[in-house]
Structure formats: C-alpha cells, structure tokens
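First the structure, in the form of structure tokens, and then the observations on it.
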Amino acid sequence: MSTVHQPDPRDRPARLTVGVVGAGRVGPALAASLQLAGHRPVAVSGVSDASRRRAATMLPDVPLVTPAEVMARADLVLLTVPDDALPGLVEGLAETGAVRPGQLLVHTSGRYGARVLDPALRAGALPLALHPAMTFTGTAVDVQRLAGCSFGVTAPDELRLAAEALVIEMGGEPEWIAEESRPLYHAALALGANHLVTLVAQSLELLRAAGVEAPDRMLGPLLGAALDNALRSGDAALTGPVARGDAGTVAVHVSELRRHAPGTVDGYLAMARATADRALASGLLKPELAEDLLGVLAKGTDGAEGDVR
C-alpha cells in the first residue's frame, strides 16, 4: 500500500471556480469530483425539485442560481442537460451575452462533440466535450465510481491537453473520440449499457414468475461471469442454446415467453438472431444446425408457436 501522503484538497488553493447548469445526476457528481481535485464549485442551476435536492446534497453550501448567474460566476461551466436540450441552451447563452471570453465550457453529452459549442466558441469560450462512460445514480457513490471511468473526449487540438487533464483530475481515463465518431461512440455505449439494464430487468421478472425467490442472487454470479468472459474473449464467450444450435430449446423459450411475457418476445428474437449470426461467423454454431434454428426464429417472428420437439 502506498505511503505517499495525499494532501487534503482544502489545503490547496482553488484553481478554477466551477459552475453547473443542469443539476441532473451527472453535473453535481462531476463538480464534487473537481472539488476533490482542488477546484471550487460556486454556483449551480436546477429546475425540478429533485435536481435542487440533489444539488443541495452533493454540493452543500453552493448557491442555486439561474443559468446566467452560473455563467457569470464560474471559470469552468459544466453543461449537464439532456442531449436534445443542449444546442438550444448553448445558442441561448451565446445570444444573451452570458458567455465570457476565456471561459471553459464543458458539456457531457455522448452524442455531441465540441462542434455543438460553436456559438459559445464564437463568443470566446473554450469548448470541451467530456462524456463519462458511466451510469449515474445521483448520489455520492457516483464520485467514487469516476475513479478509473473512461471519458469520451473531444475538443479542438489546442485544448486537447486541457481536456484530458480535467478528466485525469476527476480520476477518469481520457479516450479521444473524433468529432464525426461521437454518434457511433454513443450508440455503442447505449447498446451495451442501457439495453443491458432492460435485459436484466426482464430476466428478473421472468425468474420471479418462475418461482425463484431471490432472482438477483441467482443472476449476480451468472451475469458477472458472462460480462467478464465477454470482455476477455469476445464472441468466443458465447454459450447457451442459440450458440449450440439447440432449435428445440429455443422454440420452447419462444412459446413460454409468448404465453407468460409477450412483451419480451421481440427482444428475445432479435438478440437470438444477432447471437446466431455471431456464433456462425465465429465458427461456434455449425451451419447444419443453424438452418433449423433460424427457422424457429422466423416462426417466432411471424407469431407462430415454436416447433416444440
């Protein structure tokens, strides 16, 4: 264990004043993390009661003010609003003269790169796109989870080092994403993380319906091992009836899902087809078994009962 003394952030002079526009789950956590690195949160804006409570909990003693006042008080402003609201917010701040020359303007949208901040750039701001590849709870645990979290970083070349330095100060790992690649990057994360939550929630519900008393305890080790294997081995980690070509088992699955949880059928079929394609391409699924399997999946798409053999 390291014996190097870590100075208390309160003993260091604050280098930047930090403001947050949009006290959702992300903004207060990033501001709290920057505070640990020696910066000083000075203002936060939030509209809903939930966002105001979150800001009061995560950033105690930091005043709740209007977005314009956040801009006036802070050297570094975090724009942590929903993706669809970001372009209009940036344009509005620029048009009203809220943006100050030399001000660091950081958004956390995965979808957009730095170009969405062009109106602020023309007003003299320094634009940075820093997207944490992490799900947030809106609680203090988020600050801890930022340690080792990858950030998708996009910025003008002359600001690249500054952007990466901020990420490192928050305990993150900077990963450079080209401007034109941001939508694909974000789609990849959504496919892996957001859809995973849906799949796990559906699996928990089905296990409860099957009479399992502690579905979370049953799924935890299984999903942990599957994730670890997938990250280590990619397609070679594929297991289960689709990868094996067990068409009869898949047919039973489709039939049972249609009977007990019809809302899950389309998702099961879509993932089974994708799994079959990958298993075929990697040589795990034998071509002679794939024909019957794909036939079952086609019948399931048509709404017919699977061929239970």
Side-chain angles (χ1 to χ4, degrees), residues 110 133-137 145 148-150 152 175 181 183-309:
M134 178 61 63
T135 58
F136 287 79
T137 65
R145 287 178 174 174
C149 167
S150 291
E175 183 74 37
S181 297
L184 179 60
Y185 151 80
H186 195 225
L189 294 180
L191 183 66
N194 302 156
H195 297 174
L196 176 63
V197 174
T198 301
L199 289 171
V200 172
Q202 289 180 340
S203 184
L204 289 169
E205 291 171 355
L206 292 169
L207 286 172
R208 290 190 190 99
V212 176
E213 293 184 0
D216 54 341
R217 192 162 64 239
M218 177 176 283
L219 277 182
L222 173 65
L223 296 182
L227 177 60
D228 184 62
N229 291 342
L231 292 175
R232 291 173 182 270
S233 305
D235 287 336
L238 285 171
T239 62
V242 173
R244 291 192 299 267
D246 291 341
T249 299
V250 173
V252 172
H253 288 179
V254 175
S255 179
E256 287 296 292
L257 292 177
R258 201 174 295 284
R259 181 177 299 116
H260 295 285
T264 67
V265 172
D266 287 345
Y268 179 94
L269 291 170
M271 291 304 298
R273 284 192 294 270
T275 300
D277 288 343
R278 301 191 74 90
L280 265 172
S282 63
L284 291 174
L285 175 58
K286 297 178 181 178
E288 59 269 23
L289 297 177
E291 185 175 353
D292 285 347
L293 175 66
L294 295 175
V296 167
L297 296 177
K299 288 181 181 178
T301 303
D302 294 338
E305 293 293 328
D307 178 19
V308 182
R309 293 182 290 173

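- Of all heavy-atom pairs between Met134 and Arg145, the closest is CE-O, 3.6 Å.
- Leu285 and Ala276 get closest at one heavy-atom pair: CD2-O, 3.9 Å.
- Nearest heavy-atom pair, Pro241 versus Val250, reported as atom, atom and distance to 0.1 Å: CB-CG2, 4.1 Å.
- Distance CG/Leu293 to CZ/Arg244: 11.5 Å, rounded to 0.5 Å.
- Under the 4.5 Å side-chain criterion, counting only non-hydrogen atoms from C-beta, Asn194 is not in contact with Thr198.
- Here the CG atom belonging to Leu257 is positioned 8.5 Å from the CG atom belonging to Leu269, to the nearest 0.5 angstrom.
- If you take CD on Gln202 and OH on Tyr268, they are separated by 12.5 Å, rounding to the nearest 0.5 Å.
- Proximity of Val200 to Ser203: side-chain heavy atoms (C-beta onward) are nowhere separated by under 4.5 Å.
- A donor-acceptor pair is defined here as one N or O able to donate and one able to accept, closer than 3.5 Å; such a pair exists between the side chain of Thr275 and the backbone of Met271.
- Between Leu207 atom CG and Met218 atom CE the span is 6.0 Å, to the nearest 0.5 Å.
- Among all heavy-atom pairs drawn from Val242 and Ala272, the shortest one is CG1-O, 3.5 Å.
- Within the model, atoms CG of Leu280 and CG of Leu289 stand 9.5 Å from one another, a figure rounded to the nearest 0.5 Å.
- Between Ala279 and Ala243 the shortest heavy-atom distance is CB-CA, 4.1 Å.
- Between Thr264 and Ala261, the closest heavy-atom pair is OG1-O, 2.7 Å.
- Scanning for salt bridge (Lys or Arg N to Asp or Glu O under 4.0 Å) contacts around Arg208 gives an empty result, with sequence neighbours left out.
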Please tabulate, for side-chain N and O atoms in residues 224-233, each donor-acceptor pair with protein atoms closer than 3.5 Å (sequence neighbours left out).
from: Asp228; atom 1: OD1; to: Arg232; atom 2: NE; distance (Å): 3.1
from: Asp228; atom 1: OD2; to: Arg232; atom 2: NE; distance (Å): 2.8
from: Asn229; atom 1: ND2; to: Ala225; atom 2: O; distance (Å): 3.2

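- A 6.0 Å sphere centred on CZ of Arg278 holds no more than 12 heavy atoms belonging to other residues, nucleotides or ligands.
- Within a 6.0 Å sphere centred on CD of Glu213, other residues, nucleotides and ligands contribute 12 heavy atoms or fewer.
- With sequence neighbours excluded, no residue forms a ring pair (Phe, Tyr, Trp, His ring centres under 6.0 Å) with Phe136.
- Residues Ser255 and Arg259 are in side-chain contact: their nearest non-hydrogen atoms beyond the backbone lie under 4.5 Å apart.
- Atoms CG and CG, from Leu199 and Leu219 in turn, are 11.0 Å apart once rounded to the nearest 0.5 Å.
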